[in-house]
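Have a look at the structure below before the remarks.
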Amino acid sequence: MRIDVNAFLGRYAFRKVPGGSPSSLLETMDRAGIERAWLTNLSAILWKDPTEGNSVVYLAAAQQPRFRAVPAVHPGLPNWKLTVEEAVQRQAPCVRADPCFYGLDPAGAEMRALAGACGELGV
């Protein structure tokens with residue numbers, strides 16, 4: 001089984017590119033022979049609070065069995081532990097954090113805390 005573990009819904013902020021919808025992602029998956037995709041909201045990665053885009057990927061995954069939601073977590077925000085706990089409850093295969101977009105040190109305290117929490121919770 002081929003799984004794309006780095007798939008996105010939404011649009012790239014700095015350049016007009018095709019796609020972005022669940023249906024266009026499914027078409028691309030079919031052309032490439034990919035059975036499943038783990039999704040993050042691409043637009044939300046650049047938002048101040050990327051977790052605001054998680055509802056989009058949770059909804060897409062609930063509506064399409066070929067999708068799995070990969071929620072964004074910003075470990076520099078106060079709600080990050082709740083986001084990880086929700087990911088566990090919703091059976092997300094993993095979470096996504098983009099420290100460089102968030103202005104965090106990739107090896108800093110926030111990212112280490114996130115990695116530790118994910119390890120403890122099995123995400």
Side-chain angles (χ1 to χ4, degrees):
M1 175 182 295
R2 295 175 82 186
I3 301 172
D4 182 345
V5 298
N6 196 35
F8 295 98
L9 294 179
R11 304 258 183 216
Y12 185 66
F14 306 113
R15 187 167 284 147
K16 185 176 180 175
V17 295
S21 69
S23 61
S24 66
L25 178 58
L26 285 169
E27 289 172 14
T28 302
M29 290 169 59
D30 289 342
R31 269 195 322 273
I34 297 170
E35 289 87 18
R36 301 248 168 110
W38 296 5
L39 307 174
T40 299
N41 186 329
L42 178 61
S43 306
I45 289 172
L46 302 174
W47 296 350
K48 185 175 182 177
D49 182 355
T51 61
E52 292 177 9
N54 290 343
S55 61
V56 171
V57 292
Y58 283 132
L59 179 62
Q63 294 177 341
Q64 173 51 250
R66 294 175 65 189
F67 295 159
R68 300 275 311 269
V70 175
V73 179
H74 184 324
L77 296 178
N79 67 343
W80 75 266
K81 289 183 182 178
L82 295 175
T83 304
V84 175
E85 290 170 1
E86 180 181 20
V88 171
Q89 291 169 356
R90 292 180 176 254
Q91 300 178 339
C94 60
V95 296
R96 180 181 186 98
D98 294 279
C100 294
F101 284 116
Y102 309 153
L104 300 176
D105 178 358
E110 295 95 342
M111 292 301 293
R112 289 193 311 271
L114 174 59
C118 287
E120 288 175 14
L121 294 172
V123 177

* Answer yes or no: is there a side-chain heavy-atom contact under 4.5 Å between D30 and R66? => yes
* **Hydrophobic cluster identity match, L59 and L26, side-chain contacts under 4.5 Å** => no
* To do: First locate atom CG of L77, then atom CG of L82, and finally report the distance between them rounded to the nearest 0.5 Å.
  => 11.5 Å
* **Hydrophobic cluster membership, W47 vs V56, 4.5 Å side-chain cutoff** => no
* Asked: Looking at A61 and A69, what are the two nearest heavy atoms and their distance?
  -> CB-N, 3.7 Å
* Check the pair E86, Y58 against side-chain contact (heavy atoms from CB on, under 4.5 Å), reporting the backbone distance first and the verdict last. => CA-CA 11 Å; E86 180 181 20; Y58 283 132; 3.9 Å; yes
* Backbone N/O of Q91 and side chain of R68: donor-acceptor pair under 3.5 Å -> yes
* Asked: Are V5 and L42 co-members of a hydrophobic cluster defined by side-chain heavy atoms under 4.5 Å apart?
  -> no
* Asked: So, does R96 use its side chain to make a donor-acceptor pair with the main chain of A72 at under 3.5 Å?
  -> no
* Asked: What are the two closest non-hydrogen atoms of N41 and V57, and how far apart are they?
  -> N-CG1, 3.5 Å
* Calculate, to the nearest 0.5 Å, the distance between atoms CD and OG belonging to E27 and S21 respectively. => 7.0 Å
* To do: Carefully, step by step, assess H74 and L104 under the rule side-chain contact (heavy atoms from CB on, under 4.5 Å).
  => CA-CA 9 Å; H74 184 324; L104 300 176; 3.9 Å; yes
* Structure fact -> Distance col, row T51:OG1 vs N79:CG, nearest 0.5 angstrom, shows 4.5 Å
* Expected output: side-chain R2 to main-chain M29 donor-acceptor under 3.5 Å -> no
* Structure fact -> Nearest heavy-atom approach of A37 to L25 is CB-CD2, 4.4 Å
* Roughly how far, to the nearest 0.5 Å, is OG of S24 from CG of L9? -> 8.0 Å
* Asked: Taking atom CD of Q89 and atom CD of E85, what is their separation to the nearest 0.5 Å?
  -> 7.0 Å
* Gap between atom CG of N6 and atom CG of L39 - 0.5 Å precision -> 10.5 Å
* **Shortest non-hydrogen contact from V95 toward C118** => CG2-SG, 3.7 Å
* same_hphob_cluster(Y102, F8) at 4.5 Å side-chain heavy-atom cutoff -> yes
* Asked: What are the two closest heavy atoms between M111 and P106, and how far apart are they?
  -> CB-O, 3.4 Å
* Asked: Where the side chain of D98 meets the backbone of C100, is there a donor-acceptor pair that is under 3.5 Å apart?
  -> no
* Report whether W38 and F67 are members of the same hydrophobic cluster (ILVMFWY, side-chain heavy atoms less than 4.5 Å apart, transitive linking). => no
* Asked: How far apart are the closest heavy atoms of P50 and I45, and which atoms are they?
  -> CB-CA, 4.3 Å
